[in-house]
A.B. asks: 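Okay, handing you the structure first.
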Amino acid sequence: MTDSLTLDDYARLLGGRQALQDLLGVGPSALSNYVKRGTIPVKKRALLDKAVSQNSHKQPPLSQNHISEAPICLLIITGGIAAYKALDLARRMQDAGYQVRGVMTKSAEEFITPLSLSALTGEAVYTELFSLTDEQEMGHIRLAREADLVLVAPATGNFIAKLALGLADDLASTLCLASTAPLYLVPAMNPVMWAHEATQANCATLRARGAVQIGPVSGDTACGEIGSGRMSDVVDIVAAVKAHHHGSEQASLNRKALAGLSVLLTAGPTEEPIDGVRFISNRSSGKQGYAIAEACQKLGAEVTLISGPTALPCPKGVARIDVQTARQMHEATLAQLPTDIAICTAAVADWHVRGAGHKKVKKEANAAPPQLDLVENPDILKAICAAAHRPPLVIGFAAETDNPLDAARAKRRRKGCDWLLVNHITEAAPVFGADDNQLTLMTDHDEISWPRSSKQQLADRLASEIAAYFETESLPS
Ligand code: CTP
């Protein structure tokens, strides 16, 4: 019923952007990723749908809570004569594609009124830290968290000093302390104040913490003195913010290209008991699967690793579920669906021993060796592909010795996975236990041979291919 709901709709129904983040347990960057991709990961959509159906009796919140594709610029205006230029800045930031939310200090109100700023931005302008009305409409923490960037223009010497010290004695300074968004400072003050060692040291401190300083420039200042301290031209401020913010957004998007997506991964061998002390297994070390889990996690994915027995430590940030047999792996894996991506790297034993017990089987004098009655194990990859909640991208692996590409093409069809990564095993280049590998990626359209490299490099490459796939493909709802 909610198949056609967009993030905008969910935000309207569930109480805004922060409410969605809280509900999904993701940060603003993951939410921005969904907006940019125009897709919602299946697990997250299920959570949203559940919340919508639970909330359906409630009044929809105000439309001002909606998710706009426009990044939110928290424009903080402090009290200097250049404050009047901030009105033009607000307008031009909007023209540049930003949603501007105005915040003014008490001294800024000596120069311009919140009403004029509000008329320009079409939004409430926030001035008080302890305003019941403001806190009810938009708590100050939410105001800080929702910001994609914080722009302080003009930034007085006093305000810069407060930020350098980490003071939070009014709304504007509290927001700067409570926000993790990029901070842009546009100093404007008397040239002597600007040149003062204290101001220079404060700005250096803030730059060292990552703040971007724009200006000041030289010229006439309001107090009649000539020198450096004049606020940069509004057009230059907008250009500087846009160039820097776009660059850092791209970088963080690339760093977290899988943010908000869930990856289910099988890895390692399985062990099939013969009796209480013996088992059938294989030579898989789990290295390739663990490397992929780590690579996907580094790109921001939520990774669940269903692992057979290995000696490897669990990669940081990855949730690992340990299993021993193929049947346990099968059950644990299917229980994790739905996810956005499934990757089966496990070397699952093809058979288990019927009736294997916990007791050790003893040799009987003059008796024939016991016969193992082997039963085929469930095919986990095939089961994922056939599942009602089939992940939008299912990836299998194949290790082949004879006619590897022909065998792999047939295997991809048989299993029904989207991508298959083929290992070509030769005597000279064993795969099991080695630190490097050579893979061919087979998809519906391509067969690309990746050069022999370390398992970690191959894992990074696969994670980037997955990210590129989700950049261009639309997830089915
Ligand atoms: N696989 C699985 N469950 C199984 C067997 C295999 O999930 N019971 C998955 C593996 O994790 C891998 C792919 O299927 O992603 C291919 O595994 P492979 O051992 O090459 O294929 P098999 O189906 O076992 O076929 P064969 O051994 O006959 O080549």
Side-chain angles (χ1 to χ4, degrees), residues 263-273 279-293 296 303-310 312 320-337 339 341-354 374-387 389-391 393-426 429-433 437-443 447 450 455 458-459 462 465-466:
V263 174
L264 175 60
L265 217 134
T266 67
T270 62
E271 287 178 0
E272 310 297 332
F279 57 80
I280 303 173
S281 190
N282 57 61
R283 292 180 192 282
S284 169
S285 64
K287 280 182 188 167
Q288 186 65 80
Y290 274 56
I292 295 167
C296 292
V303 182
T304 306
L305 176 61
I306 314 288
S307 176
T310 72
L312 301 172
R320 187 173 75 179
I321 299 172
D322 291 323
V323 295
Q324 186 194 6
T325 66
R327 285 166 294 164
Q328 289 167 355
M329 186 176 273
H330 177 250
E331 194 183 324
T333 304
L334 294 189
Q336 293 297 318
L337 295 180
T339 60
I341 301 142
I343 309 173
C344 291
T345 68
V348 184
D350 290 313
W351 305 279
H352 66 269
V353 179
R354 194 192 306 271
L374 296 178
V375 184
E376 195 166 323
N377 277 327
D379 189 317
I380 302 166
L381 175 58
K382 209 169 167 181
I384 294 173
C385 292
H389 295 295
R390 183 195 195 279
L393 180 63
V394 183
I395 305 171
F397 271 71
E400 306 290 347
T401 50
D402 304 317
N403 294 326
L405 294 184
D406 282 346
R409 278 179 209 120
K411 191 168 278 183
R412 193 171 84 86
R413 275 196 303 276
R414 197 166 67 243
K415 306 248 178 184
C417 57
D418 303 297
W419 297 357
L420 192 74
L421 283 142
V422 192
N423 284 306
H424 183 188
I425 307 180
T426 60
V431 172
F432 293 125
N437 200 358
Q438 201 272 311
L439 291 171
T440 299
L441 171 65
M442 285 188 171
T443 70
E447 286 181 12
W450 294 352
K455 286 184 174 171
L458 291 166
L462 177 60
E465 295 284 347
I466 296 171

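Both counts, for ligands and for their atoms, begin at 1 and track the order of listing. Values in this document were obtained by computation on a predicted structure and should not be read as measured data.
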A.B. asks: Show me, pair by pair, the donor-acceptor contacts under 3.5 angstrom made by side chains of residues 344-354, not counting sequence neighbours?
C.D. replies:
| unit_1 | atom_1 | unit_2 | atom_2 | d |
| --- | --- | --- | --- | --- |
| Thr345 | OG1 | Thr266 | O | 2.5 |
| His352 | ND1 | Asn377 | OD1 | 2.7 |
| Arg354 | NE | Asp373 | OD2 | 2.8 |

A.B. asks: So, for atom 27 (O) of ligand 1, does the protein have a heavy atom nearer than 4.0 Å?
C.D. replies: yes

A.B. asks: Among all protein non-hydrogen atoms, which one is nearest to atom 9 (C) of ligand 1, and what is the separation to 0.1 Å?
C.D. replies: Leu381 CB, 3.8 Å

A.B. asks: Any heavy-atom pair between the side chains of Pro269 and Arg283 that's under 4.5 Å?
C.D. replies: no

A.B. asks: Could you see which bit of Pro378 sits under 4.0 Å from ligand 1, with heavy atoms only: side chain, backbone, both or neither?
C.D. replies: backbone

A.B. asks: Can an N or O of Phe397 be found at a distance shorter than 3.5 Å from an N or O of ligand 1?
C.D. replies: yes

A.B. asks: With no hydrogens and no angle check, is any side-chain donor or acceptor of Gln438 less than 3.5 Å from a backbone partner on Asn423?
C.D. replies: no

A.B. asks: Are any of the N/O atoms on Ala346, whether in the backbone or the side chain, positioned under 3.5 angstrom from an N/O atom of ligand 1?
C.D. replies: yes

A.B. asks: Leu264 and side chain to side chain contact (heavy atoms under 4.5 Å, CB included): which partner among Leu337, Val394, Ile341?
C.D. replies: Leu337

A.B. asks: Consider every N or O of Asn377 and every N or O of ligand 1, then say whether any pair is closer than 3.5 Å.
C.D. replies: no

A.B. asks: Which is it for Lys415 and ligand 1 at heavy atoms under 4.0 Å: side chain, backbone, both or neither?
C.D. replies: side chain

A.B. asks: Under the rule for side-chain hydrogen bond (donor to acceptor under 3.5 Å, both in side chains), what residues qualify as partners of Gln328, not counting sequence neighbours?
C.D. replies: none

A.B. asks: If only atom types and distance count, is the side chain of Gln288 paired as donor or acceptor with the main-chain N or O of Lys455 below 3.5 Å?
C.D. replies: yes

A.B. asks: Quick one: does Ala398 get an N or O within less than 3.5 Å of an N or O on ligand 1?
C.D. replies: no

A.B. asks: Identify the protein heavy atom lying closest to atom 24 (O) of ligand 1, giving its residue, its atom name and the separation to 0.1 Å.
C.D. replies: Asp350 OD1, 3.0 Å

A.B. asks: Is any side-chain heavy atom of Trp419 closer than 4.5 Å to a side-chain heavy atom of Ile466?
C.D. replies: yes

A.B. asks: Which residue holds the protein heavy atom closest to atom 25 (O) of ligand 1, what is that atom called, and what is the gap in Å?
C.D. replies: Lys411 NZ, 3.5 Å

A.B. asks: Within the structure provided, determine whether Leu381 and Phe397 are in side-chain contact (heavy-atom separation under 4.5 Å).
C.D. replies: no

A.B. asks: Considering only the protein, which heavy-atom contact is closest to atom 4 (C) of ligand 1, and what is its distance?
C.D. replies: Val348 CB, 3.6 Å

A.B. asks: Please state which protein non-hydrogen atom is closest to atom 3 (N) of ligand 1 and give its distance, to 0.1 Å?
C.D. replies: Ile380 N, 3.0 Å

A.B. asks: Look at the side chain of Arg320 and the backbone N and O of Ile306, then say whether any donor-acceptor pair between them is shorter than 3.5 Å.
C.D. replies: no

A.B. asks: I need the contact type for His330 against ligand 1. Using non-hydrogen atoms and a strict under-4.0 Å cut-off, is it side chain, backbone, both or neither?
C.D. replies: neither

A.B. asks: Using the side chain to side chain contact (heavy atoms under 4.5 Å, CB included) rule, take His424 and Thr440 through it: C-alpha gap first, then chi angles, then the decisive distance, then the call.
C.D. replies: CA-CA 8 Å; His424 183 188; Thr440 299; over 6 Å; no

A.B. asks: Identify, by atom number and element, the atoms of ligand 1 in contact range of Cys344, meaning under 4.0 Å from any of its heavy atoms.
C.D. replies: 11 (O), 12 (C), 15 (O)

A.B. asks: Is a side-chain N or O of Glu400 found less than 3.5 angstrom from the main chain of Val422, in a donor-acceptor match?
C.D. replies: no

A.B. asks: Within the structure, does Gly396 bring an N/O atom to less than 3.5 angstrom of an N/O atom in ligand 1?
C.D. replies: no

A.B. asks: Tell me whether ligand 1 is touched by Lys382 - counting only heavy atoms on the residue side and a distance under 4.0 Å.
C.D. replies: no

A.B. asks: Ligand 1 versus Ala399, non-hydrogen atoms closer than 4.0 Å: side chain, backbone, both, neither?
C.D. replies: backbone

A.B. asks: Looking only at distances, please establish whether an N/O atom of ligand 1 is found under 3.5 Å from an N/O atom of Thr345.
C.D. replies: no

